[in-house]
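Here is the structure we will look at.
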Amino acid sequence: MESIKIVYTSFIKFAIAIAVSQGETLAEAKDRIRKEFENHPHKKQLNEIIKKTTLGKENLTILSEKCISICEDFGPDRDYITLILLLENIYKKEILEKIEKDTIANIIQKFRKEIERINATIPPPPLYNVLLESRSLVEWTTMFGLFNLIPRYKSEHEKPVLLMPPYLGNDYSTTFVRKYLKSAGFKTYKWDLGINMINSKSLPKLIEKLDEIYEKHQEKVSLVGWSGGGIFAKIIANRHPEKVAQLITIGSPVWGIKHMQTPVIRSLEFLRGRKLRERNEKLIKELEQIPKIPITCIYTKTDGLVPWKHCLEAETFRDDIKNIEVFGSHSGMGANATVLLTVAKTLHENIENSHQKGIISKAEKLFYPDFWKQKGISKFTNLFFS
C-alpha cells in the first residue's frame, strides 16, 4: 500500500490540477476525482489523500513529470493504466478553447506515452526461473496421486465453462482442470481446435463455440484460459461481454505482449515466420483493453516462460479484478493443485456471490505465497483463531 500511497499522492494532485484548469473549483475537482475512484479497491485511503490535497504554483507539466518520475522509480506496473484512463475520463475537450484543449491533450498524451515506455521495460524471466521449469515434470506426475485429495466446493448448478489450452498445447493440457471442475459441479467444454498456435484464425471458431454454449444453456459462459489460451479468452471477453460471465487466466500474458521479452515469443516468431510486433496489431490492441466482467488472473513469480508482471490485470481499475499468486512453474500450472482449487473457488464465488468459510477454507491459505509473506508467528494464530 505504501507504493500506492506515494504514486497516488502525486497523481491525485496532477488530476485535480487538470480538472481545475478546465474551469472547476478545487472542491468540484476533488468531488470529480472522488467519483472516478468509486470502484477503486483503496477508495477509502484515496479519499483521505484527496481531502488533504492542495494546489500550489506548479503547472501541469511539472506535476505530470513528477508523477512520471515516481512511476519510473517504482518500475513497470499494469496498474498505471488506471491513472491514464482516469485522466482521459476527466478531460473535457468540448468546453475548452483550442489552445487550452491542445495543451491539456498533449500533456495527457505525453503522460500515456511515458507510462507505456516505462511498462515496456519488463525484463524476461531470469535464468533461474527458466531452469526451474523442469519441476513441471514433478507437478504433472504427482497430480495423479494428489487429485483426489484437493478440497471440492460443489456448485449447485451446472454452470458452463469453456477452457482454452496454452501455446503449443491442446485439450489434453487442460485435462486435470476440466476433470476437477466437473467434479465440482461445473459443465466444462473443450476448445476442440487441436494445438494452440495462437493464430487469429482460431478466434471466429471460438466465438462460434461460445455462441453454441450460450444458446444451449441460455446463460453467460465463464472463460478459463491457460497461457496463450488466456489471450484468446480475454479478446473474446472484450468482444462479447454480454455472453461471458467471468474471465479467469492462468499464467497468461494479458497485456504488453508487443514488447514482452520471453523465449516463448522467439519460438512463436520462428514457427510463424514473422515478428510479433508486425502481426495482428488489431488483436494486440484489443488485448490491452479491460473486459467489463469479473476478472481473475492467476500467476507465479517463478514463471520461467512468461514475465509474471505481464500476467496481472489492473486491480486498481475495478474492485472485481483480482490477481492471485501461486507457487509453481509455468508449464505445470495445468497440474497445480492450488491452481485447480483457485479456478474452482473463483468460479463458484463469482457465480454464487458467496465466499467459502470454515477451517478447511482457512487452511487453504497455507498454500498461497501471500500467507507466507506475512511476518511473525501471529499469522498462524490469526489464520485459525480470528
Name all pairs fulfilling the salt bridge (Lys or Arg N to Asp or Glu O under 4.0 Å) condition that reach into residues 241-254, sequence neighbours left out, sorted by first residue then second.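 Checked against salt bridge (Lys or Arg N to Asp or Glu O under 4.0 Å) - neighbours excluded - the pairs reaching residues 241-254 are D211-K243.
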Pairs where residues 301-312 contributes a residue and the test salt bridge (Lys or Arg N to Asp or Glu O under 4.0 Å) is met, not counting sequence neighbours: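 For residues 301-312, and leaving out neighbouring residues, there are no salt bridge (Lys or Arg N to Asp or Glu O under 4.0 Å) pairs at all.
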Side chain [X], main chain [Y], donor-acceptor under 3.5 Å:
X: T300; Y: G328; answer: yes
X: Q218; Y: E215; answer: yes
X: E313; Y: I290; answer: no
X: D171; Y: D192; answer: yes
X: E364; Y: P151; answer: no
X: S21; Y: I18; answer: yes
X: W255; Y: L312; answer: yes
X: T141; Y: L137; answer: yes
X: T249; Y: S252; answer: no
X: K234; Y: Q289; answer: yes

Is a side-chain donor-acceptor pair under 3.5 Å present for [Y] with [X]?
X: S329; Y: R135; result: no
X: D79; Y: T316; result: yes
X: T342; Y: Y368; result: yes

With a 6.0 Å cut-off (strictly less than), is the heavy-atom count around NZ of K52, excluding the residue itself, greater than 12?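 Check fails, neighbour count at 12 or below.
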Residues, nucleotides or ligands: over 12 heavy atoms within 6.0 Å of L26 CG: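 Yes, because the 6.0 Å sphere around CG of L26 holds more than 12 heavy atoms from other groups.
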Could you tell me which non-hydrogen atom of [X] sits nearest to which non-hydrogen atom of [Y], and how far apart they are?
X: N89; Y: R32; value: O-NH2, 3.1 Å
X: I351; Y: S222; value: CD1-OG, 4.2 Å
X: G229; Y: N196; value: N-ND2, 3.5 Å
X: I108; Y: L87; value: CD1-O, 3.8 Å
X: C71; Y: V7; value: SG-CG1, 4.2 Å

Just to verify, what does [X] make a salt bridge (charged side-chain N to carboxylate O under 4.0 Å, His left out) with, not counting sequence neighbours?
X: E288; result: R78
X: K187; result: none
X: E88; result: R112
X: R239; result: E286

Would you call K5 and E48 a salt bridge, taking side-chain N to carboxylate O under 4.0 Å as the test?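 No, K5 and E48 are not salt-bridged.
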Salt bridge present between D320 and R318 (N-O < 4.0 angstrom):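 Here D320 pairs with R318 in a salt bridge, since their nearest N and O are under 4.0 Å apart.
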Applying a strict under-4.5 Å side-chain criterion to I, L, V, M, F, W and Y, I'd like to know whether [X] and [Y] cluster together.
X: L340; Y: L181; answer: yes
X: V326; Y: L132; answer: no
X: M260; Y: I81; answer: yes
X: V254; Y: I236; answer: no
X: L347; Y: Y180; answer: yes

Would you please name every residue forming a side-chain contact (heavy atoms from CB on, under 4.5 Å) with E114, sequence neighbours left out?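 With sequence neighbours excluded, E114 shows a side-chain contact (heavy atoms from CB on, under 4.5 Å) to I68, K110, R117, given in chain and number order.
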Taking side-chain contact (heavy atoms from CB on, under 4.5 Å) as the test, write out the residues that go with P124, two or more places apart.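 P124 satisfies side-chain contact (heavy atoms from CB on, under 4.5 Å) with Q261 only.
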Just so I know, are the side chains of [X] and [Y] near enough to count as touching, which here means a heavy-atom distance under 4.5 Å?
X: I70; Y: I6; result: yes
X: C297; Y: C311; result: no
X: I195; Y: M197; result: yes
X: L86; Y: I33; result: yes

Taking the six-membered ring for Trp, are F37 and Y8 ring centroids under 6.0 Å apart?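 Yes, they do, as the ring centres are separated by less than 6.0 Å.
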Parallel, tilted or perpendicular: which one describes the rings of [X] and [Y], with boundaries at 30° and 60°?
X: Y299; Y: W308; value: parallel
X: W226; Y: H330; value: tilted
X: H42; Y: H40; value: tilted
X: W140; Y: F176; value: tilted

Pairwise distance CG(L85) to OH(Y80) - rounded to 0.5 angstrom: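 Here the rounded value is 15.0 Å.
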Distance, nearest 0.5 Å, that separates CG of D31 from CD of E24: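 One finds 9.0 Å between CG of D31 and CD of E24.
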Taking ILVMFWY side chains as joined if any heavy atoms are under 4.5 angstrom apart, and letting links pass through other members, which residues group with V138?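 The other cluster members (ILVMFWY side chains, heavy atoms under 4.5 Å, direct or chained): none.
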Residues that, via side-chain heavy atoms closer than 4.5 angstrom, fall in one hydrophobic cluster with Y172: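 Result for Y172 is none, singleton.
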The criterion is side-chain hydrogen bond (donor to acceptor under 3.5 Å, both in side chains); which residues satisfy it with K13, sequence neighbours excluded?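 Per chain and number, K13 pairs via side-chain hydrogen bond (donor to acceptor under 3.5 Å, both in side chains) with E58.
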Going by the rule side-chain hydrogen bond (donor to acceptor under 3.5 Å, both in side chains), which residues pair with K43 if we only count those two or more places apart in sequence or in a different chain?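 Checked K43 against side-chain hydrogen bond (donor to acceptor under 3.5 Å, both in side chains); matches are E38.
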K220 to Y214 six-membered ring, cation-pi geometry met (6.0 Å, 45°):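 Checked: cation-pi criterion not met.
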